[in-house]
S.K.: 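Got a structure for you, written out below as C-alpha cells; questions coming shortly.
The basis for the numbers below is simple: all heavy atoms, side chains too, and nothing from hydrogens, waters or symmetry mates. Source: prediction; values computed, not measured.
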Amino acid sequence: MIDGEWREAIARERIPVLNPATERQLGWVSLARTADLDAALVAAARGFSVWRRTAPLSRAKVLAGAAALLRERVVRIAQLLSLEQGKPLAEARGELERVAEMCDWMSGETQRIYGRLIPARTTNVTQTVIKEPVGIVAAFTPWNFP
C-alpha cells in the first residue's frame, strides 16, 4: 500500500507467504526494493503535510475508527494471522483486541496534547511549549511474537 493504492513492487518481485504448519502457499507479498521505499517516503511526506494540520479531535476519530474496524473484522484477521504464523486462533484474537485497545488509548491521548507555560527568569517574557508533529518515521521491526 503506497499512496493509498495497493500495488506490486516496482521490480515486480514477490515472495511466498507459507502456512508454517502445512508449508502450503497462502499467497504472496511484494518484495520492496529501494525504489519502492523512495515512493513510500514521498507519499508519506505528502500525507504528513495534511496530517500535521489535522485537529487533534479529528486524529482521535481516525484512531478510534481503526479500533472499531479491527473489532469488526477480528474473526477474519485472526484466521489469517493463525494461518500465516501457526499460532492458536485465540492468541491471534487476543493480539488484535490488544491492538484495538492501544488505538483506543492513543485516541484518548491524542485529545490531551497540551502545551504548557514555563516560568521565565525575567518579566515581560512568556515561554510556551507547544507539542506538534515534527516528521515521518520509518520503522522496520521483526515480527517474532510470541
S.K.: Hey, does W28 have a side-chain heavy atom less than 4.5 Å from the side chain of E8?
M.R.: yes

S.K.: So which heavy atom on P20 is nearest to which on G86, and how close?
M.R.: CG-N, 3.5 Å

S.K.: Do side-chain atoms of E13 reach the backbone of S30 as a donor and acceptor pair under 3.5 angstrom?
M.R.: no

S.K.: Please examine the side chains of L89 and Q79, heavy atoms only from C-beta on, and report whether any two atoms are closer than 4.5 Å.
M.R.: yes

S.K.: If I take atom CG from residue N19 and atom CD from residue Q85, how far apart are they, to the nearest 0.5 angstrom?
M.R.: 11.0 Å

S.K.: Rounded to the nearest 0.5 Å, what separates atom CG in L83 from atom OG1 in T22?
M.R.: 8.0 Å

S.K.: Can any side-chain N or O of Q25 pair as donor or acceptor with the backbone N or O of G27 at less than 3.5 Å?
M.R.: yes

S.K.: Let's go through R93 and E97 carefully: what are the C-alpha distance in whole Å and the side-chain angles of both, what is the deciding distance for side-chain contact (heavy atoms from CB on, under 4.5 Å) to 0.1 Å, and is it a yes or a no?
M.R.: CA-CA 6 Å; R93 287 183 72 132; E97 181 53 39; over 6 Å; no

S.K.: If I compare all heavy atoms of P133 with all of F48, which pair ends up nearest, and what's the gap?
M.R.: CB-CE1, 3.5 Å

S.K.: On a heavy-atom basis, which atom in C103 and which in A66 lie closest, and how many Å separate them?
M.R.: SG-CB, 4.3 Å

S.K.: Below 4.0 angstrom, N of the basic side chain to O of the carboxylate: do E109 and R112 qualify?
M.R.: yes

S.K.: If you count every heavy atom of other residues, nucleotides or ligands that lies below 6.0 Å from E23 atom CD, does the total exceed 12?
M.R.: no

S.K.: Hey, could you give me the CD/CZ distance between E95 and R98, rounded to the nearest 0.5 Å?
M.R.: 6.0 Å

S.K.: Kindly say whether I10 contributes a backbone atom to a donor-acceptor pair with the side chain of D36 at under 3.5 angstrom?
M.R.: yes

S.K.: Quick one: does D3's side chain get under 4.5 Å of R46's, heavy atoms only?
M.R.: yes

S.K.: Does one hydrophobic cluster hold both L80 and L26, with members joined at side-chain heavy-atom distances below 4.5 Å?
M.R.: no

S.K.: For the side chain of T110 and the backbone of A60, is there at least one donor-acceptor N/O pair under 3.5 Å apart?
M.R.: no

S.K.: Is there a side-chain contact between I130 and T128 (heavy atoms, below 4.5 Å)?
M.R.: yes

S.K.: Is the backbone N or O of R52 less than 3.5 Å from a side-chain atom of R59, with the two atoms forming a donor-acceptor pair by type?
M.R.: yes

S.K.: Can you find a pair of side-chain heavy atoms, one from D104 and one from R71, that are under 4.5 Å apart?
M.R.: yes

S.K.: Would you call D38 and R33 a salt bridge, using N to O less than 4.0 angstrom?
M.R.: no

S.K.: Would you give the length of the straight line joining atom OG of S49 to atom CD1 of I136, rounded to the nearest 0.5 angstrom?
M.R.: 10.5 Å

S.K.: State, yes or no, whether a side-chain contact exists between V129 and I118 at a heavy-atom distance under 4.5 Å.
M.R.: yes

S.K.: Is it true that W105 and L63 fall in one hydrophobic cluster, defined by side-chain heavy atoms closer than 4.5 Å?
M.R.: yes

S.K.: Do Q111 and P56 have side-chain heavy atoms sitting under 4.5 Å apart?
M.R.: no

S.K.: Can you check side-chain contact (heavy atoms from CB on, under 4.5 Å) on L18 and R24, steps first, answer last?
M.R.: CA-CA 6 Å; L18 303 177; R24 189 177 128 252; over 6 Å; no

S.K.: Which one of L70, L69, V99 satisfies the side chain to side chain contact (heavy atoms under 4.5 Å, CB included) criterion with I77?
M.R.: L70

S.K.: Could you report the tightest heavy-atom contact between M1 and W6, atom names first, then the distance?
M.R.: CE-NE1, 3.3 Å

